[in-house]
**Student:** 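Pasting in a structure now, in structure tokens, and then I'll have a few things to ask.
Since we're looking at a predicted model, the values are computed, not measured. In what follows, chains are A, B, ... by sequence order, proteins preceding strands, each numbered from 1.
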Amino acid sequence: MAQQANVGELLAMLDSPMLGVRDDVTAVFKENLNSDRGPMLVNTLVDYYLETSSQPALHILTTLQEPHDKHLLDRINEYVGKAATRLSILSLLGHVIRLQPSWKHKLSQAPLLPSLLKCLKMDTDVVVLTTGVLVLITMLPMIPQSGKQHLLDFFDIFGRLSSWCLKKPGHVAEVYLVHLHASVYALFHRLYGMYPCNFVSFLRSHYSMKENLETFEEVVKPMMEHVRIHPELVTGSKDHELDPRRWKRLETHDVVIECAKISLDPTEASYEDGYSVSHQISARFPHRSADVTTSPYADTQNSYGCATSTPYSTSRLMLLNMPGQLPQTLSSPSTRLITEPPQATLWSPSMVCGMTTPPTSPGNVPPDLSHPYSKVFGTTGGKGTPLGTPATSPPPAPLCHSDDYVHISLPQATVTPPRKEERMDSARPCLHRQHHLLNDRGSEEPPGSKGSVTLSDLPGFLGDLASEEDSIEKDKEEAAISRELSEITTAEAEPVVPRGGFDSPFYRDSLPGSQRKTHSAASSSQGASVNPEPLHSSLDKLGPDTPKQAFTPIDLPCGSADESPAGDRECQTSLETSIFTPSPCKIPPPTRVGFGSGQPPPYDHLFEVALPKTAHHFVIRKTEELLKKAKGNTEEDGVPSTSPMEVLDRLIQQGADAHSKELNKLPLPSKSVDWTHFGGSPPSDEIRTLRDQLLLLHNQLLYERFKRQQHALRNRRLLRKVIKAAALEEHNAAMKDQLKLQEKDIQMWKVSLQKEQARYNQLQEQRDTMVTKLHSQIRQLQHDREEFYNQSQELQTKLEDCRNMIAELRIELKKANNKVCHTELLLSQVSQKLSNSESVQQQMEFLNRQLLVLGEVNELYLEQLQNKHSDTTKEVEMMKAAYRKELEKNRSHVLQQTQRLDTSQKRILELESHLAKKDHLLLEQKKYLEDVKLQARGQLQAAESRYEAQKRITQVFELEILDLYGRLEKDGLLKKLEEEKAEAAEAAEERLDCCNDGCSDSMVGHNEEASGHNGETKTPRPSSARGSSGSRGGGGSSSSSSELSTPEKPPHQRAGPFSSRWETTMGEASASIPTTVGSLPSSKSFLGMKARELFRNKSESQCDEDGMTSSLSESLKTELGKDLGVEAKIPLNLDGPHPSPPTPDSVGQLHIMDYNETHHEHS
Amino acid sequence: MTEDSQRNFRSVYYEKVGFRGVEEKKSLEILLKDDRLDTEKLCTFSQRFPLPSMYRALVWKVLLGILPPHHESHAKVMMYRKEQYLDVLHALKVVRFVSDATPQAEVYLRMYQLESGKLPRSPSFPLPDDEVFLAIAKAMEEMVEDSVDCYWITRRFVNQLNTKYRDSLPQLPKAFEQYLNLEDGRLLTHLRMCSAAPKLPYDLWFKRCFAGCLPESSLQRVWDKVVSGSCKILVFVAVEILLTFKIKVMALNSAEKITKFLENIPQDSSDAIVSKAIDLWHKHCGTPVHSS
């Protein structure tokens, strides 16, 4: 509660006249808002504002931050519902929205929007409707994609209001309708610009109905004449234009510009579009084409400030008309537009109202003429002064200009139609902006004195202008710009236009002072000479005249304001104009001149800073300028940005208050007289309408300002782009310089390369000559060498020849020597032969003699032989006979011998055949033997298998027997235990022992002792068994253990496990018995003994074995032998012994005891 | 030359006309007349031709090694066998493992267990191997009249399965799929689709050699081949069974149904199945020819 009270106090203090207090309180509120998140404070603020419409409260509300937006919107929503507060809350909403709060995207979700739409659909108050529509139009570009669900609502509102414009339901004043119409027109533009497809389809469906046809003809159709075909109609679709992606890329001001682009209305359309177009097209003639194309847009740009104010101005017009009771004005401006199209452009309402800007005049002026002006103006108003410029000088300048233009252009347009053509022609050659500007400037002056100035006169005016008071500054500026331009045009043809646009502000800015001076004179003179006539006589007929009327008072002091509505308007206009000046509180008329004179300084210092730089480098300077401008703008923006607006609002309100006071002061009769004189409505009504109008105007103004801000935003962006482009240019230039330097380097290197090449060539030549010389020398030397070589060759051949000769000679010498030797040898031989022949002669002589002697002897012997011949024949004959007999004898002997040989040979053959037979027989025998063997083996196998089966059988039997025994003994044991239990505990220890040892064991031991079988072997066995039984396995150890179980040895270790095992086997019954077969017999009386015997045989000395088993094997062997021999009889034999004798049994036992079968056979 | 003269000159025509087995009997008799029986030849013969039933037992006994190849020792060996049989039987009776009421097949099983030393301590639940033995013994009972012969043949037969075919038996399912694929791939894919391929009654077919699956009259023709050393015939019998009942098998979709059906196939067409299976076997593995 305390807080409540506190808030109330604070609120009261908010409007205190003390500035300091006010600031403090505002700060306190803001702090509270920052700390408090509740809706209370916001609500009280809103309430307070509604009550008092306090400016500080409004300021606080418009700067609300995020968490409070919801409360604010809720509160507004709440009040929108109430008819009483609707208007004021809508204006508050308008204020809030125009500032584009950070939470503007939430608007679409807020319940406020539907209720606003509902209000627009339902409400019947024109003022509320107009305000609401303006708010809606302002809001639309902020929430483009989210507004789509309300699209139909928008269209419905449009349909409703457009029909309102025509039908005028109820008692709606025409004056309001004009406002409404203007706002509907704006809504039309907005909707068409944002959602063309949907909107067109809506129009199609809505106005196809008969009842709406009239509305279409009267209201909508004229509107449509002011728009181009939207490109989206061709490329887009209904869905596409609602697609959030389309809107995502666009900021609010983008949307506004988009909408402005499609407008053909000179007051509404966008300049930028054409600008860009020209940019693209005008590659060849950049200046001209740009100028020509931009001009139409340009003037719209100029007039932008009041572009949308057409209806507004018309209303003003009507206001003016009304007193004069001129019915013609009642027809809406649109009808006029239709009826006289050329006039319509001329007629632009802004001209009529003539309050803010000159823009309308460009519409009249032929494009080329207007273009330079527009340049200037556009740059000052639109580009040079985005939002913040009010602080700087430009704004006033446009104002003055507008005045000028109104004066100038009108006469031009109206009086000299031929001049248009002339200008059209003349404008073309004018490539440079300055010329145009100067032209305009020039043309501005004459109208006052001469009425019209031909183009040929312009240079003269130019000169005059140049010699004006600010001429020095201007000259500088001009020179700089022209230099710039020339540089730009040479270096970069295209950017000229935008550059120029940017530069011009300075240029323009410097002018106002001079201009204004000339201007005021001109205007005054004009006002004196031209205006008076139309002012009274043809107010309505000639649109252009009205502005004059409106403007004439500008020079007049404000005092006349109270006399008539016109005066009131003037007062307002003057106020408004003054608002644009940086010093908000000053009253317009006096400040204007002072302002004009006071203006240059702020720019001066800029230029002074800028100029020295131009001397250094143009490009740098330009960018600097641009940067500075931008900076200056933004800087100046920050501090006073909001103030002028506030001032404007306040001033309007103050004006209104003052006016109402004045009116109240006035005696009623006079008022009535006045009104009746003009044939108007009753004064009280009038006052109210005037107030409403004022309000509407204010709204309109705020809306226009919002638009201007959007443009300013956009301009800033464009500026940034330009700066970037400039920076890139510079970069390019730098790169070019570098390139040049490098090229120079390359040149240098090339020259040096050539030099080096030349030197190299020289050296090469020298070397070549040297080489050739050396080559010739070498050749000569080689030749010599060859000669020498040939000589040596020859000499060598000679040498060879000589050697050959020597060799030959030597050979010859040898031959000769040989011959000599040979002859010597021959000689000696011959001498020898000689001696030999001599000795042979001697021998021959001797032999001859002997021959003679022998002949004589022979004769003698022949004589003797003849004597003895008859005796020898008998003897020979006898000998022959003897020999014959002997021969016969031998022959018979030989015969005998051969006969013997034959017989023996026969015998051998016989024997051999015998032998073969025997071999064969042997083989057969062998085969047979094999056969028999096989047979026997087969039988043996059968027998063996039988034997095997027998073994198995006995095994099974044994098992069975053991099993049975086991059972028996178990029974016995149980009985015994019972007996023992029945006895006493005296023998408990023994019993225990017995039990532990295994009763069966002890019993067996006793049995053994009793049988006395082991008497002799008892002592040696334990040691031997222990020594050797390790490898023998279960059988041996079992047998020994059974022996060892006699009391003298410690039976504990050995008997323990056995007994336990026995017990377990008892428990498990049959299943585990096979595994324990080997060890079990020890405990059995009969079988155990048998087995033990056998084991003893095995384990003891060899002799035992020999005694028992060898005999066994022998008998087996013999039996087998018999088997082989007798074949048939043996099976009986084999069968016989099997069951009966103990030996096979024992063998079987052994086999069962896990003794190796083969081992057994071997033994 | 002597063989030729003894052979019937009409034999050529018999075969041409399609009477099989007429001449076989003769040639078998000739073979059996040899004093030392040539087991190789007997093997080949029994693989090539169906054995006449009157010689079947003899040939099997010879081939299974129950009888030696010599005629002279037959009587004696047989006597051994019989005595052995009686002894074992007696033993079993003594240990009260077997009574007169015990079915013959189980008697055989117990005897076999006893002889192989695997006799359990008490008559217990039969193991899978015992089941196989029982099935074979049951089938053999029908084929061989004499109980001694029957026991011995069963025993040797099972022995052969366990020793000679131990390695090849597990391979048979794979071979089966392969040949089935050759004969009728669609059927195999159907089986695979139903995932019945691994669930076919391989145990019944290959471990029990169709004992209990086919009637004995046709089964013995299959076993002729098994005894003579070829277990592959089992595969073809299985393939032929599937081919014969292809339509029915194709109609069945679940593995369980297929298995169930195959375990209880109709008996009437078994002769044809076996004949076709043998033909198929000859086709794929070639007609066995005596090597010597």
**Student:** Look up atom CD in A/Q939 and atom NZ in B/K76, then write down how far apart they are to the nearest 0.5 Å.
**Tutor:** 4.0 Å

**Student:** What is the distance from atom CD of A/Q935 to atom NE2 of B/H74, rounded to the nearest 0.5 Å?
**Tutor:** 9.0 Å

**Student:** What residues of residues 66-73 of chain B sit under 4.5 Å from chain A when only non-hydrogen atoms are counted?
**Tutor:** B/P68, B/H70, B/E72, B/S73

**Student:** With a sphere of 6.0 Å drawn around NZ of B/K164, does it hold more than 12 non-hydrogen atoms of other residues, nucleotides or ligands?
**Tutor:** yes

**Student:** Quick one: of A/A949, A/A942, A/G938, who has the most non-hydrogen atom pairs under 4.5 Å with chain B?
**Tutor:** A/A942

**Student:** Please say whether more than 12 non-hydrogen atoms of neighbouring residues, nucleotides or ligands are located less than 6.0 Å from NZ in B/K232.
**Tutor:**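 No, because the 6.0 Å sphere around NZ of B/K232 holds 12 heavy atoms or fewer from other groups.
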
**Student:** Examine distances only and state if a side-chain atom of B/E83 and a backbone atom of A/R946 form a donor-acceptor pair shorter than 3.5 Å.
**Tutor:** no

**Student:** Can you tell me how far apart CZ (A/R952) and OH (B/Y112) are? Round to the nearest 0.5 Å.
**Tutor:**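 Nearest 0.5 Å value for the CZ-OH distance: 11.5 Å.
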
**Student:** How long is the span from the CG atom in B/L92 to the CD atom in A/E960, to the nearest 0.5 Å?
**Tutor:**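 Those atoms lie 10.5 Å apart.
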
**Student:** In Å and rounded to the nearest 0.5 Å, what is the CD1 to CD distance from A/I953 to B/E115?
**Tutor:**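 If I round to the nearest 0.5 Å, the distance is 7.0 Å.
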
**Student:** What distance separates A/S945 OG from B/R81 CZ, expressed to the nearest 0.5 Å?
**Tutor:** 4.0 Å

